[in-house]
Amino acid sequence: MAAQTQRAVLAGGCFWGMQDLIRRLPGVEATRVGYTGGDVPNATYRNHGTHAEAIEILFDPAKTDYRAILEFFFQIHDPSTKNRQGNDIGLSYRSAIYYVDDEQKRVAEDTIADVDASGLWPGKVVTEVEPVGPFWEAEPEHQDYLERYPDGYTCHFPRPGWRLPARAEG
């Protein structure tokens, strides 16, 4: 019997680069970009208020787990910059984890503690950890953007050799 698909919702700057890299992870079955974590119903690119640009991920827990997705998330964006990734500045580009249940919240907080203890980034993690709310799917021109425009803009990059160690128990 097949395992049920699980959902993750993450924000880490411009959603184009996030989607392009995360969709390639083993066990990721589907992704879509959109807006979440803000104040405007039916958010759009032109009117998304305080929402973050985010990615919704559906994954097979028999092939990957939430922790592995979060570790990759922390590898491909700088979680120590508040409301910024690369040249993108503003609330839309904040780092955030929107958990769907208490277990995801626990894993997110534990992963953040490991990132902070690792010293892999120049500052402490400023990633918000909030319960998931409505996810407003972005317009079709934003879906799969870097597949259609391979030389398009991104500020997300895998960092070779980047591995997140578990922090020492103290």
Side-chain angles (χ1 to χ4, degrees), residues 3-25 27-61 63-86 88-116 121 124-146 153-156 164:
Q4 289 188 340
T5 300
Q6 292 183 12
R7 178 180 185 228
V9 179
L10 305 172
C14 176
F15 46 31
W16 297 338
M18 295 276 297
Q19 182 181 39
D20 190 55
L21 295 173
I22 289 174
R23 72 162 12 106
R24 300 176 196 183
L25 292 175
V28 170
E29 295 186 345
T31 61
R32 65 181 180 144
V33 298
Y35 316 96
T36 195
D39 61 351
V40 175
N42 303 306
T44 65
Y45 187 75
R46 298 272 179 242
N47 181 27
H48 58 267
T50 61
H51 286 293
E53 288 194 8
I55 177 173
E56 180 184 63
I57 305 153
L58 299 180
F59 65 96
D60 180 346
K63 296 179 181 173
T64 191
D65 61 28
Y66 190 61
R67 169 71 184 217
I69 290 169
L70 291 183
E71 287 182 13
F72 189 70
F73 168 70
F74 283 116
Q75 180 194 141
I76 64 172
H77 88 290
D78 183 348
S80 69
T81 55
K82 187 167 178 67
N83 300 332
R84 178 179 189 160
Q85 284 302 304
D88 294 330
I89 300 171
L91 196 57
S92 299
Y93 306 110
R94 67 187 178 270
S95 177
I97 298 169
Y98 299 98
Y99 59 87
V100 301
D101 58 25
D102 289 340
E103 177 61 11
Q104 280 193 356
K105 179 181 181 185
R106 185 196 65 72
V107 171
E109 290 171 343
D110 189 61
T111 306
I112 288 169
D114 287 346
V115 173
D116 276 339
W121 289 107
K124 291 292 185 186
V125 171
V126 296
T127 304
E128 299 171 4
V129 178
E130 301 288 337
V132 72
F135 183 90
W136 309 102
E137 185 173 359
E139 297 78 358
E141 63 267 23
H142 295 291
Q143 305 298 328
D144 309 313
Y145 183 83
L146 289 172
Y153 175 78
T154 187
C155 58
H156 296 91
L164 180 62

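Along the sequence shown, residues are numbered consecutively beginning with 1.
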Side-chain touch [X]/[Y], heavy atoms, less than 4.5 angstrom:
{"X": "N47", "Y": "V40", "result": "yes"}
{"X": "W121", "Y": "V126", "result": "no"}
{"X": "I97", "Y": "F73", "result": "yes"}
{"X": "I57", "Y": "Q6", "result": "no"}
{"X": "Y99", "Y": "V9", "result": "no"}
{"X": "F74", "Y": "L164", "result": "no"}
{"X": "T154", "Y": "W16", "result": "no"}
{"X": "T5", "Y": "D60", "result": "no"}

Between [X] (side chain) and [Y] (backbone), is there a donor-acceptor pair under 3.5 Å?
{"X": "E137", "Y": "R32", "answer": "no"}
{"X": "R84", "Y": "T81", "answer": "no"}
{"X": "Q104", "Y": "V100", "answer": "yes"}
{"X": "R24", "Y": "D20", "answer": "yes"}
{"X": "D116", "Y": "V125", "answer": "yes"}
{"X": "Q143", "Y": "A138", "answer": "yes"}
{"X": "E139", "Y": "Y45", "answer": "yes"}

[atom2] on [Y] to [atom1] on [X], rounded to 0.5 Å:
{"X": "M18", "Y": "C155", "atom1": "CE", "atom2": "SG", "value": "9.5 Å"}
{"X": "L146", "Y": "R23", "atom1": "CG", "atom2": "CZ", "value": "8.5 Å"}
{"X": "R94", "Y": "I89", "atom1": "CZ", "atom2": "CD1", "value": "15.5 Å"}
{"X": "L91", "Y": "K82", "atom1": "CG", "atom2": "NZ", "value": "8.0 Å"}
{"X": "D88", "Y": "N83", "atom1": "CG", "atom2": "CG", "value": "12.0 Å"}
{"X": "E29", "Y": "T64", "atom1": "CD", "atom2": "OG1", "value": "11.0 Å"}

For Y98 and V129: C-alpha separation, side-chain torsions, deciding distance, then whether side chain to side chain contact (heavy atoms under 4.5 Å, CB included) applies. CA-CA 6 Å; Y98 299 98; V129 178; over 6 Å; no
One thing to verify: whether R67 and D110 come together as a salt bridge, which I'm taking to mean a side-chain N less than 4.0 angstrom from a carboxylate O. yes
For [X] against [Y], the heavy-atom pair lying closest together:
{"X": "G133", "Y": "T36", "answer": "O-OG1, 4.0 Å"}
{"X": "A108", "Y": "L70", "answer": "CA-CD1, 3.7 Å"}
{"X": "T50", "Y": "G38", "answer": "OG1-CA, 3.2 Å"}
{"X": "F135", "Y": "I55", "answer": "CE1-C, 4.1 Å"}
{"X": "A11", "Y": "E53", "answer": "CB-O, 3.3 Å"}
{"X": "P61", "Y": "Q4", "answer": "CD-O, 3.0 Å"}

Would you call the rings of H156 and H77 parallel, tilted or perpendicular, where under 30° means parallel and over 60° means perpendicular? tilted
Parallel, tilted or perpendicular, judged at 30° and 60°: which one describes the rings of H48 and Y35? parallel
Donor + acceptor pair across side chains of E71, T111 (<3.5 Å): no
Stepwise side chain to side chain contact (heavy atoms under 4.5 Å, CB included) check, F59 with I69: CA-CA 9 Å; F59 65 96; I69 290 169; 3.5 Å; yes
Other residues, nucleotides and ligands only: do more than 12 of their heavy atoms fall within 6.0 Å of OH on Y153? yes
Tell me if the CG atom of D39 is crowded by more than 12 foreign heavy atoms within 6.0 Å. yes
